[in-house]
2 protein chains.
Amino acid sequence: MESSPPIPEDTVERCAGADPGHPRPDGQDRYTISEVAAHTGLSAHTLRWYERIGLMPHVDRSHTGQRRFTNRDLDWLSLVGKLRLTGMPVADMVRYAELVRQGEHTFEERQELLEQTRHDVLGRIAELQGTLAVLNYKIDFYAGARRAPERA
Amino acid sequence: MESSPPIPEDTVERCAGADPGHPRPDGQDRYTISEVAAHTGLSAHTLRWYERIGLMPHVDRSHTGQRRFTNRDLDWLSLVGKLRLTGMPVADMVRYAELVRQGEHTFEERQELLEQTRHDVLGRIAELQGTLAVLNYKIDFYAGARRAPERA
DNA sequence: CGCTTGCTTGGAGTGCGCTCCAAGGTTCTA
DNA sequence: TAGAACCTTGGAGCGCACTCCAAGCAAGCG
């Protein structure tokens with residue numbers, strides 16, 4: 001959704017969050033690792049580790065070799081953060097990142113991966129709602145027992 | 001806390017699941033560890049480990065020292081299974097087990113622990129629903145892109 | 001009786017997702 | 001130009017929740 005090509009890669013990884021990028025500083029588009037850490041809530045350690053395991057596209061470097069993240073990296077990290085919240089294993093996120101790197105002919109496989117993830121999320125929500133029933137039952141029990149003590 | 005008190009301990013830990021105990025064999029009320037493993041889906045290793053770390057009340061033994069689980073143990077494990085599904089850390093479940101062991105004067109603290117857990121579960125559900133929005137967005141994108149390819 | 005299968009223990013090992021360390025080089029502020 | 005604060009790397013370490021191992025005792029069957 002930027003300018004010309006049929007479906008630019010960034011369209012695919014942009015718009016990743018319902019989050020419209022509030023504290024995302026614009027202007028220079030080059031952030032140090034600690035800026036990105038502060039923005040994403042991830043540690044600098046984790047950001048470097050993400051890059052090592054292939055979960056980040058190649059991050060730009062300054063002339064002396066320090067990382068300079070771009071807004072696009074921030075968008076990608078936002079998506080990764082969402083996938084992480086789904087409980088998707090890191091290995092699967094790396095797989096997804098590889099598919100993105102390989103280009104548009106992997107759209108089908110990406111879609112399948114995301115559909116599987118959605119399926120898992122729906123299952124997990126159902127599971128959690130099942131636990132809520134038990135929690136409510138027991139909380140009510142304790143509340144009732146404490147309100148009406150020892151009626152032996 | 002066995003025969004006379006106002007609110008017997010078993011009332012508290014019974015009825016743990018909405019699950020009415022379908023494949024729960026009755027009659028002898030003494031199950032070997034592998035029977036319990038088959039019933040709960042936990043491994044025998046895990047059952048022994050739960051006991052070691054204090055997550056199980058003391059399990060009965062045969063005259064030769066082998067574990068003999070009771071229906072009450074099964075009920076407790078059913079509750080533990082639910083708490084595990086909530087994502088509660090094992091250490092907190094152990095804490096809860098200790099409170100149960102300590103008797104009825106811990107009702108308030110048990111209730112608080114469960115309320116905190118419910119709060120966490122509600123938050124987690126909201127989080128997962130947030131991820132669903134992103135997953136739906138991207139799945140729709142891939143589906144649309146594959147239906148209408150290259151319109152340059 | 002022997003055989004197979006199952007149970008016992010303490011302690012060691014595994015996989016995941018970070019998290020930190022040491023030993024340096026870089027960048028910023030005064 | 002000094003000093004503090006930040007960045008780099010490979011590799012080691014950690015916390016959690018199991019998971020397995022070895023060596024030996026127990027239980028059920030023909």
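Throughout, protein chains are lettered first and strands after them, A, B, ... in sequence-line order, and every chain is numbered starting at 1. Small disclaimer: the values here were computed from a predicted structure and weren't measured.
At the heavy-atom level, Ser43(B) lies nowhere under 4.0 Å from the strands shown.
Using bins of under 30°, 30° to 60° and over 60° for the plane-to-plane angle, the ring pair Phe107(B)/Phe141(A) lands in the perpendicular bin. Between Tyr142(B) and Tyr96(A), the ring-plane angle classifies as perpendicular under the 30° and 60° cut-offs.
OP1 or OP2 of dC18(C) lies within a sub-4.0 Å distance of a side-chain N or O belonging to Tyr50(A). Between Arg67(A) and the phosphate of dC7(D), there is no side-chain N or O to OP1/OP2 separation shorter than 4.0 Å. Look at Arg84(B) and you won't find any side-chain N or O under 4.0 angstrom from OP1 or OP2 of dC16(D).
Salt bridge status for Glu127(A) with Arg124(A): present, with a side-chain N to carboxylate O gap under 4.0 Å. Ion pairing of Glu51(A) with Arg61(A) is present here, as a side-chain N (NZ or NE/NH1/NH2) and a carboxylate O approach within less than 4.0 Å. The pair Glu98(B)-Arg95(B) meets the salt-bridge criterion, with a side-chain N (NZ, NE, NH1 or NH2) lying under 4.0 Å from an Asp/Glu carboxylate O.
Separating the CD atom of Glu51(A) from the P atom of dT8(D) is a distance of 9 Å, rounded to the nearest angstrom. Taking atom CG of Leu42(B) as the reference point, atom P of dC20(D) lies 14 Å away to the nearest angstrom. As a whole-Å value, the separation of Glu35(B) CD from dA27(D) P is 14 Å. Ile33(B) has its CD1 atom 17 Å from the P atom of dA26(D), to the nearest Å. Atom-to-atom, CE of Met93(B) to P of dC16(D) comes out at 12 Å; the value is rounded to the nearest Å. Taking atom CG of Leu77(A) as the reference point, atom P of dC18(C) lies 12 Å away to the nearest angstrom. Atoms CD1 (Ile53(A)) and C1' (dT19(C)) sit 14 Å apart, rounded to a whole Å. Between Leu47(B) atom CG and dC18(D) atom P there is a gap of 11 Å when expressed in whole angstrom units.
In this structure, OG1 on Thr40(B) lies 5.0 Å from CG on Leu47(B), to the nearest 0.5 angstrom. Rounded to the nearest 0.5 Å, atoms CD (Gln111(A)) and CD1 (Ile139(B)) are 7.0 Å apart. Here Trp76(A) contributes atom CH2 and Thr70(A) contributes atom OG1; the two are 12.5 Å apart, rounded to the nearest 0.5 Å.
Of all the residues in residues 119-130 of chain B, not one reaches under 4.0 Å from DNA chain D with any non-hydrogen atom. Listed in residue order, the members of residues 85-92 of chain A having a heavy atom less than 4.0 Å from DNA chain D come to none.
A donor-acceptor contact closer than 3.5 angstrom is absent between the side chains of Tyr31(B) and Asp73(B).
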(request) For nucleotides 20-29 of chain C, just jot down a letter per nucleotide in 5' to 3' order: B, S or -, based on protein non-hydrogen atoms under 4.0 Å. (result) B----BSS--
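Recorded end-axis angle for the helix from dC1(C)-dG30(D) to dA30(C)-dT1(D) stands at 10°, based on five pairs per end and rounded to 10 degrees.
Closest heavy-atom contact between Leu128(B) and Leu128(A): CD1-CD1, 3.8 Å.
For Arg48(B), the side-chain contact (heavy atoms from CB on, under 4.5 Å) partners two or more places apart in sequence, or in a different chain, are Ile33(B), Ala44(B), His45(B), Arg67(B). Contacts of Thr106(B) classified as side-chain contact (heavy atoms from CB on, under 4.5 Å), with partners at least two apart in sequence or in another chain: Leu99(B), Gln102(B), Arg110(B).
Of the possible donor and acceptor atoms, none in the side chain of Asp92(A) sits under 3.5 Å from a partner among the backbone N and O of Met88(A). Looking at Asp29(B), its side chain does come within 3.5 Å of a backbone N or O of Asn71(B) through a donor-acceptor pair.
Checked against dC18(D), dC7(D), dT19(C), the side chain of Thr46(A) finds its nearest nucleotide in dT19(C).
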